[in-house]
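Take a look at the structure set out below.
As the structure is a computational prediction, the values presented were derived from the model and not from experiment.
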Protein chains: 2
Amino acid sequence: MDMMRNPGRRTILADAAVHVLAQQGSRGLTHRALDDDAGVPRGTSSNFFATRDSIIDAILVRIGQRLAPDPVVHAGLAGQAPGKKLFTAYMKDIVHRLTSDRDAALALFELRLEATRRPHVEEAITAWLRAGLADDVALNTRMGLPGGEQEIALFHYAINGFILDQITVPVKPGVNRDEIIERFVQLLLHSE
Amino acid sequence: MDMMRNPGRRTILADAAVHVLAQQGSRGLTHRALDDDAGVPRGTSSNFFATRDSIIDAILVRIGQRLAPDPVVHAGLAGQAPGKKLFTAYMKDIVHRLTSDRDAALALFELRLEATRRPHVEEAITAWLRAGLADDVALNTRMGLPGGEQEIALFHYAINGFILDQITVPVKPGVNRDEIIERFVQLLLHSE
DNA sequence: GTTCGATCACGACATCCGTAGTGATTGGAG
DNA sequence: CTCCAATCACTACGGATGTCGTGATCGAAC
């Protein structure tokens with residue numbers, strides 16, 4: 001009864017899980033809430049995700065998919081000349097993807113806290129974060145820019161804090177997000 | 001039946017609430033969990049916090065107390081000469097307080113996400129964050145250092161992202177926290 | 001020592017949850 | 001068309017939860 005097939009419905013339910021986790025929090029993440037949110041008969045999600053843990057696993061996978069770089073934007077930028085401007089454009093795209101898919105970003109922060117108590121989640125998120133860091137380090141050097149892993153890590157701390165602020169409780173509402181990114185790139189990666 | 005008196009027991013239960021929220025998450029934050037964690041008979045916390053909402057209110061208040069600046073450290077620093085070094089020392093104290101009282105810091109991040117769905121929590125945290133920002137802006141200018149609200153806001157984004165990383169899923173385990181603070185101060189506030 | 005309100009321990013109850021079933025339905029292979 | 005396994009809708013149930021009520025106990029004022 002793994003209900004591995006019918007990937008369409010499974011994805012719909014996984015998206016509903018992301019939505020519910022983001023909107024109702026970990027406390028509201030129940031099988032029945034998934035069913036209601038997805039508009040399917042109650043009991044359906046139990047057929048796809050037998051336990052609550054498997055719901056969380058599905059969210060983990062789904063968020064990974066939804067927050068992956070947009071190949072269209074990626075391709076569009078690939079043709080341009082490498083340099084600070086292009087690197088900044090990549091970073092803006094990352095932040096834009098996180099702030100526009102608010103549910104996925106919120107759910108990711110929920111999972112970060114969940115990682116505190118679930119080793120399985122911690123492993124997955126650690127791997128995801130390390131990969132993202134390695135990618136950006138490689139991108140930065142490929143662009144011929146100064147700064148190694150340490151500097152990119154600082155940059156990631158800053159960007160994550162900024163996204164958390166924007167998505168939850170903004171200290172300064174109405175800031176220009178692209179401008180913030182530009183300043184972080186300028187100050188953290190090109191100030192020496 | 002507000003059980004306003006006996007502040008000792010109320011504080012014990014509030015601390016238990018912070019502990020449970022940090023360790024078990026929003027899902028585990030129940031009256032019975034509070035009672036067990038505090039070692040009091042089951043049903044006790046219902047006498048102090050009639051509804052679950054009032055538990056959250058109590059956590060909000062308690063975190064505000066626990067994360068307030070240490071007057072001892074504050075007094076010790078007040079005697080020194082103003083300048084970048086002293087400002088950095090203040091910032092290290094703030095980060096140290098957040099990373100050493102891990103439960104309070106974790107609970108604060110939980111509440112940040114809870115603020116998404118509870119207007120009451122959002123107001124409280126917004127006020128808290130704005131006050132912290134204003135304080136640091138005032139401190140910075142009092143130290144005769146360059147940088148206004150914008151720069152301090154960037155700094156707060158970065159610090160919060162760093163603390164979240166350290167407390168949940170560190171990308172780079174074993175980093176020197178004070179060194180990170182120093183670099184953020186140097187790069188974000190003194191690079192021009 | 002008696003009294004009385006504050007404080008507390010404990011139980012009751014409707015509701016919801018996770019999980020595991022049990023048949024109905026479906027759609028393609030033969 | 002027939003059949004059969006995959007897919008699905010729905011139910012059942014032990015357990016946990018939020019909330020409210022009801023006495024017991026305590027401690028200070030008189």
Worksheet item: So, the side chain of Asp165(B) versus the backbone of Val171(B): is there a donor-acceptor pair under 3.5 Å, distance only?
Response: yes

Fill in: Under 3.5 Å donor-acceptor, Asn140(A) side chain and Pro146(A) backbone
yes

For the pair [X] and [Y], find out whether any cationic side-chain nitrogen is under 4.0 Å from an anionic carboxylate oxygen.
X	Y	answer
Asp53(B)	Arg118(B)	yes
Arg66(B)	Asp103(B)	no
Asp93(B)	Arg97(B)	yes
Glu110(B)	Arg117(A)	yes

Item to complete: Specify the residues of residues 13-26 of chain A, ordered by number, for which at least one heavy atom lies under 4.0 angstrom from an atom of DNA chain C.
Response: none

Discussion item. Nearest 0.5 Å, please: how far is CG in Leu108(B) from CD1 in Ile59(B)?
Written reply: 11.5 Å

Item to complete: Working to the nearest 0.5 Å, report the span between NZ of Lys92(B) and CD1 of Ile180(B).
Response: 11.5 Å

Take atom [atom1] of [X] and atom [atom2] of [N], then tell me their distance rounded to the nearest Å.
X	N	atom1	atom2	value
Arg10(A)	dT7(D)	CZ	P	11 Å
Phe49(B)	dT17(D)	CZ	C1'	17 Å
Phe48(B)	dA6(C)	CZ	P	15 Å
Asn47(B)	dA9(C)	CG	P	8 Å
Leu34(B)	dA16(D)	CG	P	17 Å
Asp35(A)	dC16(C)	CG	P	15 Å

Discussion item. Once you apply a heavy-atom cut-off of 4.0 Å, does Arg9(B) come out as touching a base, just sugar-phosphate, or nothing?
Written reply: sugar-phosphate

Practice prompt. Using the test ring-ring contact (aromatic ring centres under 6.0 Å, His included), find all partners of Tyr90(A) that sit at least two apart in sequence or belong to another chain.
Written response: His74(A)

Worksheet item: Among all residues two or more places apart in sequence or in another chain, which pass the ring-ring contact (aromatic ring centres under 6.0 Å, His included) test with Phe184(B)?
Response: none

Review item, nucleotides 25-27 of chain C N/O atoms under 3.5 Å of protein N/O:
none

Would you be so kind as to tabulate the donor-acceptor pairs closer than 3.5 Å made by side chains of residues 38-45 of chain B, with sequence neighbours excluded?
| unit_1 | atom_1 | unit_2 | atom_2 | d |
| --- | --- | --- | --- | --- |
| Arg42(B) | NE | Asp36(B) | OD1 | 3.2 |
| Arg42(B) | NH2 | Asp36(B) | OD2 | 2.8 |
| Thr44(B) | OG1 | Pro41(B) | O | 2.5 |
| Ser45(B) | OG | His31(B) | O | 3.0 |
| Ser45(B) | OG | Asp35(B) | OD1 | 2.9 |
| Ser45(B) | OG | Asp35(B) | OD2 | 3.4 |

Distances under 3.5 Å between nitrogen or oxygen atoms of protein and nucleotides 18-20 of chain D:
| unit_1 | atom_1 | unit_2 | atom_2 | d |
| --- | --- | --- | --- | --- |
| dG18(D) | OP1 | Arg27(A) | NH2 | 2.7 |
| dG18(D) | OP2 | His31(B) | N | 3.3 |
| dG18(D) | N7 | Arg32(B) | NH1 | 3.0 |
| dG18(D) | O6 | Arg32(B) | NH2 | 3.1 |
| dT19(D) | OP2 | Arg52(B) | N | 2.6 |

